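A short worksheet on the structure shown next.
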Amino acid sequence: MRYAQGGGLTAERQQFRERIRREAGERFVCGEKTAVIAKDLRVSERSVERWRRAWREGGMRALASKGPPKAPKLSDAQFAVLEGELARSPAAHGWEDQRWTLLRIRAVIARKFRIACSPTGVWRLMHRHGWSWQCPARRALERDEHAVALWKKEVAAGGSDAAALGAFIVFEDEAGFSMTPPRARTWGRRGHTPVVRVRGRSRRRISIAALCCYRHGETPRLIYQPRFHMTFKGARKSSAWTDYRDLAVRAHIQLDAPIILIWDNLNTHRAADMRQYAEDHDWLTLVQLPSYSPDMNPVEGIWSLLRRGPLANTAFTDPDHLERTLRRSLSHIQHRPDLIDGCLVETDLRLHPPTSTSHRRDQ
């Protein structure tokens with residue numbers, strides 16, 4: 001049976017339902033039994049009993065179909081009030097978690113506007129006004145939104161100064177990847193969870209320190225440096241300040257311009273030796289991100305692309321397989337400047353208008 005776009009019934013389906021009810025009403029007049037009517041019309045006995053009660057109370061007119069359920073009638077002003085209530089979070093309305101469901105939105109509509117509606121009607125209402133079912137992003141409770149807003153303004157002003165000096169604005173971050181791949185959704189038979197075979201005892205990890213480099217009027221660049229975790233006792237598990245210094249020097253040589261390096265508040269980033277090195281070299285300026293603000297770093301978008309793309313559900317055979325996959329995936333991103341620009345757009349930082357020219361990246 002065909003359905004209209006948006007979930008409504010087609011005219012053919014509506015006419016079919018009208019004919020079935022009318023035929024059932026004619027059989028009620030003849031006194032036929034419920035089981036016989038249900039078998040002949042190929043419907044449930046419960047439906048026939050419901051139709052019979054309606055026929056007894058209102059005759060044939062009561063059997064007329066009322067059509068598909070409609071979305072609740074909320075004006076634009078009322079929906080603006082509803083959006084304000086939803087912005088207050090579910091906790092303000094008596095629910096402990098921070099999740100809006102159709103049943104909870106229906107309860108808010110009934111409480112605020114005295115309008116009863118079905119969950120399907122609520123879905124249609126929200127969808128019509130541009131809402132959708134999404135996975136929320138996380139924000140730390142300790143985050144200072146006012147400080148983040150001020151930092152954005154300072155970075156925007158610094159972007160103009162960097163353009164005047166011909167400097168690159170460079171964001172840095174580091175992430176670790178192991179032989180256990182990130183999980184991603186895949187198709188499987190309903191009721192049978194798909195299984196991905198991975199190595200359970202491998203502790204080999206690879207850390208990637210990456211730089212997203214932006215300058216007004218030029219194609220953005222991605223520069224990265226892998227670090228392999230040694231398995232022997234006492235080996236360092238993370239990068240030292242000298243590793244970050246060498247990465248900054250490498251970026252300065254490749255970009256052939258001063259750089260403004262923006263990174264988080266990791267203790268290695270704030271090491272005294274690192275600060276002293278920046279003070280001794282005019283081409284390097286260090287800027288700290290606000291606390292609890294990983295979403296302000298476009299390199300986080302690079303990690304998201306990796307984990308949602310070629311690394312997902314991949315059964316790595318050995319560390320070399322993991323390394324090859326990482327290098328191939330990062331090389332693909334290097335040759336896609338639109339992806340690097342998209343990571344900057346996601347941070348909502350206004351450094352300069354994004355570019356979309358495609359050129360080959362430096363490895």
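What you are looking at is a predicted structure, and each value in this text was computed from that prediction instead of being measured.
Looking at Val249 and Leu284, their side chains never come closer than 4.5 Å, going by heavy atoms from C-beta outward. Using a 4.5 Å heavy-atom cutoff, the side chains of Arg106 and Pro119 are in contact. Side chains of Val287 and Leu261 form no contact here, defined as non-hydrogen atoms less than 4.5 Å apart. Between Tyr224 and Leu211, every side-chain heavy-atom pair lies at or beyond the 4.5 Å cut-off. With a 4.5 Å cut-off on side-chain heavy atoms, His269 and Trp241 do not count as touching. With a 4.5 Å cut-off on side-chain heavy atoms, Leu344 and Cys212 do not count as touching. A heavy-atom distance below 4.5 Å is not found between the side chains of Val148 and Tyr292. Ser291 places none of its side-chain heavy atoms less than 4.5 Å from the side chain of Asp144.
With Trp55 as the aromatic partner, Arg53 does not meet the cation-pi criteria of under 6.0 angstrom to the ring centre and within 45 degrees of the ring axis.
The CG atom of Asp256 sits 11.0 Å away from the CD atom of Gln254 when rounded to the nearest 0.5 Å. Between Lys153 atom NZ and Leu349 atom CG the span is 14.0 Å, to the nearest 0.5 Å. Interatomic distance, Phe168 CZ to Ile260 CD1, rounded to the nearest 0.5 Å: 11.5 Å. For the atom pair Leu125 CG and Ile109 CD1, the distance stands at 5.5 Å (nearest 0.5 Å). Atoms CG and CD, on Leu150 and Glu145 in that order, are 11.5 Å from each other to the nearest 0.5 Å. The line from CG of Asn265 to OG1 of Thr268 is 12.0 Å long, rounded to the nearest 0.5 Å.
When atom types are taken as modelled, the side chain of Arg245 and the backbone of Met274 share no donor-acceptor pair closer than 3.5 angstrom. With Asn297 contributing its side chain and Asp264 its backbone, the two residues share no donor-acceptor pair below 3.5 Å. One N or O on the side chain of Ser44 and one on the backbone of Ser47 form a donor-acceptor pair closer than 3.5 Å. Side-chain atoms of Asp243 come within 3.5 Å of backbone N or O of Ala240 as a donor-acceptor pair. Between the Arg114 side chain and the Arg111 main chain, a donor and an acceptor come within less than 3.5 Å of each other. Side-chain atoms of Thr314 come within 3.5 Å of backbone atoms of Pro310 as a donor-acceptor pair (strictly under, hydrogens ignored).
Connection of Ile105 to Trp133 is not established within any shared hydrophobic cluster, with ILVMFWY side chains joined at heavy-atom distances below 4.5 Å, either directly or through further cluster members. Note on Ile20 and Val36: separate hydrophobic clusters, where clusters join Ile, Leu, Val, Met, Phe, Trp and Tyr whose side-chain heavy atoms are under 4.5 Å apart, directly or indirectly. Linking ILVMFWY residues whenever their side-chain heavy atoms come closer than 4.5 Å, directly or via other members, leaves Val195 and Phe316 in distinct clusters. Note on Leu86: it does not cluster hydrophobically with Leu103, by side-chain heavy-atom contacts below 4.5 Å among ILVMFWY residues.
Here His129 pairs with Phe79 under the ring pair (Phe, Tyr, Trp, His ring centres under 6.0 Å) rule; sequence neighbours left out. Contacts of Gln134 classified as side-chain hydrogen bond (donor to acceptor under 3.5 Å, both in side chains), with partners at least two apart in sequence or in another chain: Ser132. Remark: Asp348 pairs with Arg350 by the side-chain hydrogen bond (donor to acceptor under 3.5 Å, both in side chains) rule, at least two apart or across chains.
For residues 76-100, every residue pair satisfying the salt bridge (charged side-chain N to carboxylate O under 4.0 Å, His left out) rule, not counting sequence neighbours, is listed here: Glu85-Arg88, Glu85-Lys112, Asp97-Arg104. Pairs passing the salt bridge (charged side-chain N to carboxylate O under 4.0 Å, His left out) check and including a residue from residues 288-309, sequence neighbours excluded, read Arg139-Asp295, Arg143-Asp295. Residues in residues 178-191 take part in no salt bridge (charged side-chain N to carboxylate O under 4.0 Å, His left out) pair, two or more places apart or across chains.
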Is there a side-chain contact (heavy atoms from CB on, under 4.5 Å) between Cys213 and Ile223? Walk through the geometry before answering. CA-CA 8 Å; Cys213 314; Ile223 302 173; 4.1 Å; yes

Which is it for Ile169 and Arg215 under the side-chain contact (heavy atoms from CB on, under 4.5 Å) test, yes or no, and what are the steps along the way? CA-CA 6 Å; Ile169 298 180; Arg215 186 165 71 174; over 6 Å; no

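Glu346 CD: 12 or fewer foreign heavy atoms inside a 6.0 Å radius. The number of heavy-atom neighbours closer than 6.0 Å to CD of Gln98, taken from other residues, nucleotides and ligands shown, is 12 or below. With a 6.0 Å radius and a threshold of 12 heavy atoms from other residues, nucleotides or ligands, His127 has its NE2 atom at or below the threshold.
For the side-chain hydrogen bond (donor to acceptor under 3.5 Å, both in side chains) criterion with Ser239, the lone passing option out of Glu174, Arg227, Gln225 is Glu174. With Leu322 as the partner, the side-chain contact (heavy atoms from CB on, under 4.5 Å) test is satisfied by one option alone out of Asp318, Asp320, Leu326: Leu326.
Note: His281 and Trp283 have perpendicular aromatic rings, judged against thresholds of 30 and 60 degrees for the angle between ring planes.
Between Tyr244 and Leu266, the shortest heavy-atom contact is OH-CD2, 3.8 Å. Here the shortest heavy-atom pairing between Tyr214 and Ile340 reads OH-O, 2.7 Å. Ser329 and Leu306 make their closest contact through CB-CD2, 3.4 Å (heavy atoms, listed as atom of the first residue, atom of the second, distance).
Between Trp263 and Asp173, the side chains place no donor N or O within less than 3.5 Å of an acceptor N or O (distance only, hydrogens not considered). If you check the side chains of Glu49 and Thr34, you find a donor sitting under 3.5 Å from an acceptor.
Arg27 has a carboxylate O that lies under 4.0 Å from a charged side-chain N of Glu23, or vice versa, which qualifies the two as a salt bridge. A salt bridge is defined here as a Lys NZ or Arg NE, NH1 or NH2 lying under 4.0 Å from an Asp or Glu carboxylate O, and Arg275 with Glu279 fails to meet this definition.
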